[in-house]
Asker: 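I am attaching a structure below and will ask some questions about it afterwards.
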Amino acid sequence: MLEKTELDSGLVLLVSQLPPIPSKRYFTIGEVAELCGVRSHVLRYWEQEFAQLRPQKRRGNRRYYQHHEVVLIRKIRALLYEEGFTISGARNRLDEVRGELKLRDELESILHMLSSK
């Protein structure tokens, strides 16, 4: 578990210093906060700022994050804390990456169609 002084003193853990993500289907907000080195209230705030971050909510409005969302949170954290992006800049960068991945998938499907002829 992260020590309180690490989070409060302004020290930022690098992504490489974060614990490995266990192989399980769902994570609670507390588990994600610990895995990503941020506080729970920060995760709730990021949900409002990043449309890509939508954990499932179950009874009692409890949040359950999946593996890909934990990876996304680590990417957001790296953009904000390590690379110095603003919230808006990080949001734009994630949109760019998503657009690049979409383009790559489209190009791969075209290449597959051409090679199968």
Side-chain angles (χ1 to χ4, degrees):
M1 180 165 166
L2 299 173
E3 293 180 28
K4 188 175 183 180
T5 55
E6 288 179 324
L7 292 172
D8 290 341
S9 67
L11 295 177
V12 176
L13 293 173
L14 299 175
V15 170
S16 61
Q17 297 171 317
L18 294 172
I21 303 170
S23 59
K24 56 189 262 189
R25 189 163 173 94
Y26 294 106
F27 300 88
T28 65
I29 193 167
E31 291 171 326
V32 174
E34 193 170 313
L35 288 170
C36 296
V38 295
R39 300 256 173 117
S40 299
H41 68 271
V42 173
L43 294 173
R44 289 189 291 270
Y45 174 69
W46 286 354
E47 283 177 35
Q48 297 171 13
E49 297 297 325
F50 296 94
Q52 304 94 325
L53 186 56
R54 290 286 169 242
Q56 291 183 10
K57 290 187 182 176
R58 296 197 181 146
R59 62 185 168 166
N61 240 3
R62 291 179 182 250
R63 290 163 171 82
Y64 290 94
Y65 297 83
Q66 293 182 9
H67 186 274
H68 69 276
E69 291 164 326
V70 177
V71 172
L72 175 62
I73 290 166
R74 285 186 171 192
K75 179 63 179 167
I76 291 169
R77 182 187 180 282
L79 290 170
L80 296 175
Y81 297 167
E82 295 174 23
E83 297 181 36
F85 280 80
T86 62
I87 295 267
S88 177
R91 190 182 310 120
N92 291 339
R93 180 65 186 131
L94 290 173
D95 288 342
E96 288 173 12
V97 170
R98 191 170 64 195
E100 291 168 5
L101 292 174
K102 198 177 211 181
L103 178 61
R104 187 185 76 197
D105 290 345
E106 290 173 7
L107 289 173
E108 285 177 355
S109 69
I110 291 170
L111 181 62
H112 178 70
M113 288 188 320
L114 291 174
S115 64
S116 63
K117 288 185 178 184

Asker: Would you mind reporting whether Phe27 and Pro55 have side-chain heavy atoms less than 4.5 Å apart?
Answerer: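 No, their side chains stay 4.5 Å or more apart.
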
Asker: Between CG of Leu80 and NZ of Lys75, what distance do you get to the nearest 0.5 Å?
Answerer: 10.5 Å

Asker: I'd like to know if the side chain of Arg74 reaches the main chain of Leu35, judged simply by a donor and an acceptor atom lying under 3.5 Å from each other, with no hydrogens or angles considered.
Answerer: yes

Asker: Sequence neighbours left out, what passes side chain to side chain contact (heavy atoms under 4.5 Å, CB included) with Ser109? Give chain and number order.
Answerer: none

Asker: Taking the side chain from Glu34 and the backbone from Glu31, do they hold a donor-acceptor pair closer than 3.5 Å?
Answerer: no

Asker: Looking at every non-hydrogen atom in both residues, tell me the closest pair between Ile73 and Cys36 and how far apart they are.
Answerer: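 Looks like CG2-SG, 3.6 Å.
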
Asker: How would you list, by chain and number, every residue that makes a side-chain hydrogen bond (donor to acceptor under 3.5 Å, both in side chains) with Gln52, sequence neighbours excluded?
Answerer: Asp95

Asker: Got a second to check how far Lys57's NZ is from Ile29's CD1, nearest 0.5 Å?
Answerer: 9.0 Å

Asker: Taking C-beta and beyond as the side chain, do Phe50 and Leu72 meet within less than 4.5 Å on heavy atoms?
Answerer: no

Asker: Kindly write out the residues that satisfy side chain to side chain contact (heavy atoms under 4.5 Å, CB included) with Tyr45, not counting sequence neighbours, or none if the list is empty.
Answerer: Gln48, Glu49, Ile87

Asker: Quick one: CD on Glu69 to CG on Leu43, what's the gap to the nearest 0.5 Å?
Answerer: 11.0 Å

Asker: The criterion is side-chain hydrogen bond (donor to acceptor under 3.5 Å, both in side chains); which residues satisfy it with Glu47, sequence neighbours excluded?
Answerer: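 For Glu47 the side-chain hydrogen bond (donor to acceptor under 3.5 Å, both in side chains) partners, ignoring immediate neighbours, are Arg63, Tyr65.
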
Asker: Please identify each residue that fulfils side chain to side chain contact (heavy atoms under 4.5 Å, CB included) with Arg58, with sequence neighbours left out.
Answerer: Tyr26, Gln56, Tyr64

Asker: For atom CZ of Arg62, decide whether the heavy atoms of other residues, nucleotides or ligands shown that lie under 6.0 angstrom number more than 12.
Answerer: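 At most 12 heavy atoms, drawn from other residues, nucleotides or ligands, come within 6.0 Å of this atom.
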
Asker: Hey, is Arg77 close enough to Glu82 for a salt bridge, meaning N to O under 4.0 Å?
Answerer: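 Here Arg77 pairs with Glu82 in a salt bridge, since their nearest N and O are under 4.0 Å apart.
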
Asker: Going by side-chain hydrogen bond (donor to acceptor under 3.5 Å, both in side chains), name the residues that satisfy it together with Arg93, two or more places apart in sequence or in a different chain.
Answerer: Glu96

Asker: Using 0.5 Å steps for rounding, measure from the NE2 atom of His112 to the CG atom of Leu107.
Answerer: 14.5 Å

